[in-house]
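Encoded as structure tokens, the structure appears first; notes follow it.
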Amino acid sequence: MDPYFATSDPCWLRPENARALLDREVVVRGDGCAATVRRDVDLLRALTGLAPVAGRGRVLVATVGDLTAEGDDDVVGRVPEGLTADGYAVVPDDEGVVVTALDERGLLHGFYALQRHGEQLLTTDVPVLDVPGNPVRMINQWDNMRADGPMGSVERGYAGRSIFYADGRVVADRSRIRDYARLLASVGINALSLNNVNVHADESRLLTEHLADVADLAGILREYGIAAYLSVNFAAPIELGGLATADPLAPDVAAWWRRTTDAVYEAIPDFGGYVVKADSENRPGPFSYGRDHADGANLLAAALEPHGGRVFWRCFVYDHQQDWRDRSTDRARAAYDHFMPLDGRFADNVVLQVKMGPMDFQVREPVSPLIGGLERTNVAVEFQVTQEYTGHQKHVCYLVPQWREVLDFPTRGDDGAPVREIAAGRTFARPVSGVCAVSNVGDDRTWTGHPLAQANLYGFGRLAWDPTLAPDVVLDEWLALTFPGADEVHAALREIMAGSWLTYERYTAPLGVGWMVNPGSHYGPSVDGYEYTAWGTYHFADRDGVGVDRTVATGTGFAGQYHEPWASTYEDVTTCPTELALFFHHLPYDHTLRTGSTVIQHIYDTHFVGVEEVEAMVTRWQGVAHLVAAEVSDEVSRRMAEQLRSAREWRDQITTYFWRKSGVPDAHGRAIH
Ligand code: GCU
């Protein structure tokens, strides 16, 4: 039998969480994802030794089609209205409950829900319906096939090496990949892109030379209801096909993509499609041929269309060779400036993948105005589970509250539609919309380096499924599943984690200004690290003030990319949300914020408070660490010590820098260096 988390932590899928299910007789019909359910039930029984207990009832797992064929009209008649693809219903009957769905993927999701909600769901006396809020729920691996490139095995990975590749090939032992598929399926993920968006020569050949391996990976993912995607190099016709051009309008280029894509579908009939980073950070793209991104995306879309595949075309397109002396160019504007004029020109199977903010996954940014701007194009909102700018999985930073804030933002203003409705494709009928996120896993035993960072992977999946879930509810679910039965540990970790994103914001970059990190690594403070670089990421601090004037009146005009009321709200410093004050405005140090504090005093106060909060986290953790398995607790303790060291470094560098620039002392006389 397959191993079940033989070499890694089972995270929230602890076999004991399945107890209530395994106590019952489980009958599964079907041979696709249903066969996965059957096999995993057997595995869990073998692992736990749990067999059905007389009198506990039975769980029947079968599609609506199967139930109808069996003449089980009573159950079918009681399935609540509104069942959709991937969703499931749990319907009580005389013998226990029936888990049913339109498709077998839905059965799989129901099976995991029975582990998550146990007895409560198994004893429901009313039918329960649970359908996904987003059609596309995708994870992007930023995995490289070799560990020795500039970014190592996983770009922006903080949890060991890739679980997919080593030494330029797909790993031979794929049991870890199966375990990963289980983890992803258990939170409802239905799409996975298998390689870094920066497609190097090795990964490029996944499309051709390594196709048999990709087909094998896709087969594993298929068992868990997950469609495989590949990131492709826009210049692949040159790199792999030996053509002289990758011009999207050249007939031989189109023919090459068609042939290549046909071969992919021959090997993988349910292949998802392509993810593309083009004309971005040195990646090739249509600009080289005087074409635009609609030409580029539609080229690939045409090759995929006959097979039902999709292109996820990333909008992270900006000038990374800026001159810092040039005050007129604003990186924040770039995605909107490039893509809004193309709205309506993309094929139906193109999805524009837009980062949640206009810059790059900073701890605080406004929502990207492009998300609310596009009206005639599928949109997927991109999040970052890996903690590139939020502490490299050395710092506790529970990101679900940040994502929820983004999803709730009523970006279309008077229309009222929040980002979650747009992402779900409900505005303007965009059927292949959704959310995607950069993974935070590696071959580390705990998957995520910091054991508590597992909550972010769990949380992304849960929000992708139901974007209305409250962050605290998600956290409580995760705690209950990950540390079963440990109430004291839950209480402590809830306190430590719930507000940890805001704590991280406090001791790092203030008021939405962002980017005060070490260039390259993006870890630790370096206030001027990016100030005179080509990346377009500036704070403009001088002796009088700090921040970026992005107003229409006197600045870069970025604020004007929003719908009303946001354009005016951000434009006016008296209405701009405090947490974004320096994102939209260059303010004097003595400017009084809406909180009543001055800019400089806010910077001092938040940095001192942020460190005090980390100190409190450490103390709270020390009180319960002994209640947690040593290998987990040692890891958490070690990383928290680093978080505290780093938070103090952040505080001291930021407060000192701004004291030296401004000459304004801290009103509370605290130590600044
Ligand atoms: C950031 C990140 C890169 C990544 C890029 C992207 O710039 O630092 O490593 O490739 O985002 O999203 O494409």
Side-chain angles (χ1 to χ4, degrees), residues 138-147 149-159 162 193-200 202-204 229-235 274-285 287 293 296-297 311-322 331-332 334-335 338-339 351-363 365 368 370-371 379-393 399 403 406 435-442 460 508-509 514-524 526 529-530 533-538:
M138 181 189 253
I139 289 283
N140 300 136
Q141 297 303 129
W142 281 4
D143 293 35
N144 298 321
M145 294 187 77
R146 288 185 197 277
M151 284 289 170
S153 183
V154 180
E155 179 148 344
R156 310 302 178 186
Y158 312 107
S162 169
S193 63
L194 291 166
N195 58 302
N196 192 355
V197 288
N198 296 315
V199 186
H200 312 108
D202 284 303
E203 296 101 62
S204 210
Y229 285 70
L230 286 176
S231 293
V232 296
N233 178 3
F234 190 77
Y274 300 139
V275 175
V276 190
K277 172 175 179 175
D279 289 318
S280 166
E281 300 183 331
N282 296 321
R283 304 312 301 160
F287 287 165
H293 283 257
V311 190
F312 283 74
W313 189 270
R314 296 177 83 235
C315 297
F316 187 58
V317 177
Y318 69 97
D319 179 2
H320 72 288
Q321 282 164 341
Q322 254 172 258
R331 174 167 163 181
H338 283 299
F339 286 91
V351 185
L352 289 186
Q353 183 165 328
V354 186
K355 285 193 184 188
M356 67 178 191
M359 297 297 273
D360 192 9
F361 302 130
Q362 300 301 289
V363 65
E365 289 185 44
S368 167
L370 184 59
I371 297 168
V379 183
V381 182
E382 180 178 329
F383 297 87
Q384 196 181 41
V385 185
T386 193
Q387 289 174 236
E388 176 178 355
Y389 293 97
T390 50
H392 286 202
Q393 280 138 246
L399 288 165
W403 304 333
V406 170
V435 290
C436 38
V438 185
S439 175
N440 64 348
V441 309
F460 173 74
T508 57
W515 293 106
M516 293 176 170
V517 287
N518 281 300
S521 77
H522 300 166
Y523 186 77
S526 176
Y530 273 113
T533 66
W535 296 95
T537 48
Y538 313 119

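Remember, it's 1-based here, ligands and their atoms both numbered in the order they're listed. Only this structure's heavy atoms are used, side chains among them; waters, hydrogens and symmetry mates stay out.
- Residues meeting the salt bridge (charged side-chain N to carboxylate O under 4.0 Å, His left out) test with Glu382, sequence neighbours left out: Arg314.
- Smallest separation of non-hydrogen atoms from Phe312 and Ala380: CE2-CB, 4.0 Å.
- Atom 2 (C) of ligand 1 has Glu388 OE2, 3.2 Å as its closest protein atom, hydrogens excluded (heavy atom only).
- Atoms of ligand 1 lying under 4.0 Å from at least one heavy atom of Phe316, given by number and element, are 5 (C), 6 (C), 7 (O), 11 (O), 12 (O), 13 (O).
- Those atoms of ligand 1 that come under 4.0 Å of a heavy atom in Arg156, given as number and element, are 2 (C), 3 (C), 8 (O), 9 (O).
- Looking from atom 1 (C) of ligand 1 to the surrounding protein, the closest heavy atom is Asp360 OD2, 2.9 Å.
- For Ser439 against Thr386, the heavy-atom pair with the smallest separation is O-CB, 3.1 Å.
- Closest approach of Gln353 to Asn140, counting heavy atoms only: NE2-OD1, 3.0 Å.
- Note on ring orientation: taking the six-membered ring where Trp is involved, the planes of Tyr318 and Trp535 are tilted (angle from 30° to 60°).
- Ligand 1 lies within reach of Trp142, whose nearest heavy atom is under 4.0 Å from it.
- Contact annotation for Val438 and ligand 1: no heavy atom of the residue comes within less than 4.0 Å of the ligand.
- Under the 30°/60° scheme for interplanar angles, the aromatic rings of Trp313 and Phe234 are found to stand perpendicular.
- Evaluated by nearest non-hydrogen atom to atom 12 (O) of ligand 1, the leading choice among Lys355, His522, Lys277, Gln384 is Lys355.
- Residue-to-ligand polar distances place Glu155 within reach of ligand 1: an N/O pair is separated by less than 3.5 Å.
- Within the listing of ligand 1, atoms 10 (O) sit less than 4.0 angstrom from a heavy atom of Asn198.
- Looking at Tyr158 and Glu388, their side chains come closer than 4.5 Å, going by heavy atoms from C-beta outward.
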